[in-house]
Student: 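Below you'll find the structure I mean.
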Amino acid sequence: MPARLQRSFYERPTLTVARDLLGRVLARRTPDGTVLRGRIVEAEAYVGEEDKACHARAGRTPRTDVMYGPPGFAYVYLTYGMHHMLNVVTEAEGRPAAVLLRAVEPTQGIEWMTGARRNGSATHGRSGEPRLHQLASGPGKLCQAYGLDLRHNRTDLIGSDLWIEEGIAAPRRGVATSARIGCETAAAPWDLMPWRFYLADSRFVTPGRASVAARKSG
DNA sequence: CTCTCGATGTTCT
DNA sequence: GAACATCGAGAGG
């Protein structure tokens, strides 16, 4: 089994972790034993109570509590009543920060993933071939492909259900940044902080809307 | 291709 | 009661 990232990886500045997660491999073992894998191609940093785009801006609440805990745990929440978001808790215990995993390039367990996403038009072409580059190109789609929901909140990523493997760290030159997507209403300057990291040449990142949102703020 | 709109439930005010 | 770290369908060009 490939080497798994240890807690020390996550116990670092959140921007460092977000960038360093690109090229790593998000893995899950499902209840039926299927192993899912995908290369992380897009992530966003949310850093502390002072970051007005971060959920922790409201302080420690039942929902944000996990972000105040030790690093290397999953923070999963529901937004818009239907989409789950997977975050990785970062930095030392007591400091609320996390990295939102926004997109992966699926590499293993693809049949399981497409089965988990039954809305065929989004994941399959006319002739039924899977559209791999759209399977997990967005935080909600990523969670749907991996079958993640609120039950996975607080999962220890130094474990055997959900974890991240070393993979191959992305070369610095291949990494691009932009404002975080969906944070347009956050107070300045937090709406424009360039804390979204993605592989510039990947076709697996958030499409369309991403560039629209980035353009709007630029 | 672009743009608009509605779904839907948890959290916090 | 409003807001929400989104997505896909449908209409129009």
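Sequence lines set the chain letters: A, B, ... in the order given, protein chains first and strands last, and positions in each chain run from 1.
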Student: Which pairs, with at least one residue in residues 1-10 of chain A and sequence neighbours excluded, count as a side chain to side chain donor-acceptor pair (under 3.5 Å)?
Tutor: Arg7(A)-Asp156(A)

Student: Below the 4.0 Å mark, does dA5(C) have OP1 or OP2 next to a side-chain nitrogen or oxygen of Arg196(A)?
Tutor: no

Student: Starting from C1' on dC7(C), measure out to NE2 on His84(A) and report it in whole angstrom.
Tutor: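 Atom NE2 in His84(A) sits about 13 Å away from atom C1' in dC7(C).
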
Student: Distance check needed: dC7(C) C1' versus Leu135(A) CG, whole Å only.
Tutor: 14 Å

Student: Compare side-chain N and O positions of Thr185(A) against OP1 and OP2 of dC4(C) and report whether any pair is under 4.0 Å apart.
Tutor: yes

Student: What is the distance, to the nearest angstrom, from the CZ atom on Arg180(A) to the P atom on dA5(C)?
Tutor: 11 Å

Student: Can you give me the closest heavy-atom contact between Ile40(A) and Leu21(A), atom names plus distance?
Tutor: CB-O, 3.5 Å

Student: What residues form a side chain to side chain contact (heavy atoms under 4.5 Å, CB included) with Ala56(A), not counting sequence neighbours?
Tutor: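 Testing Ala56(A) for side chain to side chain contact (heavy atoms under 4.5 Å, CB included), a comparison that skips the adjacent residues, returns Glu49(A), Cys54(A), Met67(A), Tyr68(A), Pro96(A).
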
Student: Starting at CD of Gln134(A) and ending at C1' of dC1(B), how long is that distance when rounded to a whole Å?
Tutor: 14 Å

Student: Please list, for nucleotides 11-13 of chain B, all pairs of protein and nucleotide N/O atoms separated by less than 3.5 Å.
Tutor:
unit_1, atom_1, unit_2, atom_2, d
dC12(B), OP1, Thr61(A), OG1, 2.3

Student: Let me know the distance between CD of Glu184(A) and C1' of dT6(C), rounded to the nearest Å.
Tutor: 12 Å

Student: From CG of Asp191(A) over to C1' of dA3(C), roughly how many Å is that when rounded to an integer?
Tutor: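 To the nearest whole Å, that distance equals 17 Å.
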
Student: Could you check which of dA5(C), dT6(C), dC4(C) has an atom nearest any side-chain atom of Tyr77(A)?
Tutor: dA5(C)

Student: Expressed as a whole number of angstroms, how long is the span from Lys141(A):NZ to dA5(C):C1'?
Tutor: 16 Å

Student: Just checking, is any N or O donor in the side chain of Tyr146(A) or His152(A) under 3.5 Å from an acceptor N or O on the other one?
Tutor: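 Checked: Tyr146(A)/His152(A) side chains show no N/O donor-acceptor pair below 3.5 Å.
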
Student: Are a donor atom and an acceptor atom from the side chains of Thr107(A) and Arg37(A) found within less than 3.5 Å of each other?
Tutor: no

Student: Please give the stem ranges for DNA chain B, sorted by first residue number, where a stem is three or more consecutive Watson-Crick or G-U pairs and both donor-acceptor distances are under 3.5 Å.
Tutor: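 Correct response: B:1-7 with C:6-12, B:9-12 with C:1-4.
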
Student: Between the protein and nucleotides 7-9 of chain B, which nitrogen or oxygen pairs are less than 3.5 angstrom apart?
Tutor:
unit_1, atom_1, unit_2, atom_2, d
dT8(B), O2, Tyr80(A), O, 2.2

Student: Among all residues two or more places apart in sequence or in another chain, which pass the side chain to side chain contact (heavy atoms under 4.5 Å, CB included) test with Ala103(A)?
Tutor: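 Result, side chain to side chain contact (heavy atoms under 4.5 Å, CB included) vs Ala103(A): Val41(A), Glu42(A).
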
Student: With side chains defined as the heavy atoms from C-beta onward, is the minimum distance between Val88(A) and Ile164(A) less than 4.5 Å?
Tutor: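 A side-chain contact under 4.5 Å exists here.
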
Student: In whole angstrom, give the distance that lies between atom CG of Leu192(A) and atom C1' of dA5(C).
Tutor: 15 Å

Student: Can Arg39(A) be said to sit on top of Phe204(A)'s aromatic six-ring, NZ or CZ under 6.0 Å from centre and within 45° of the ring axis?
Tutor: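 Verdict for Phe204(A): no cation-pi partner in Arg39(A).
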
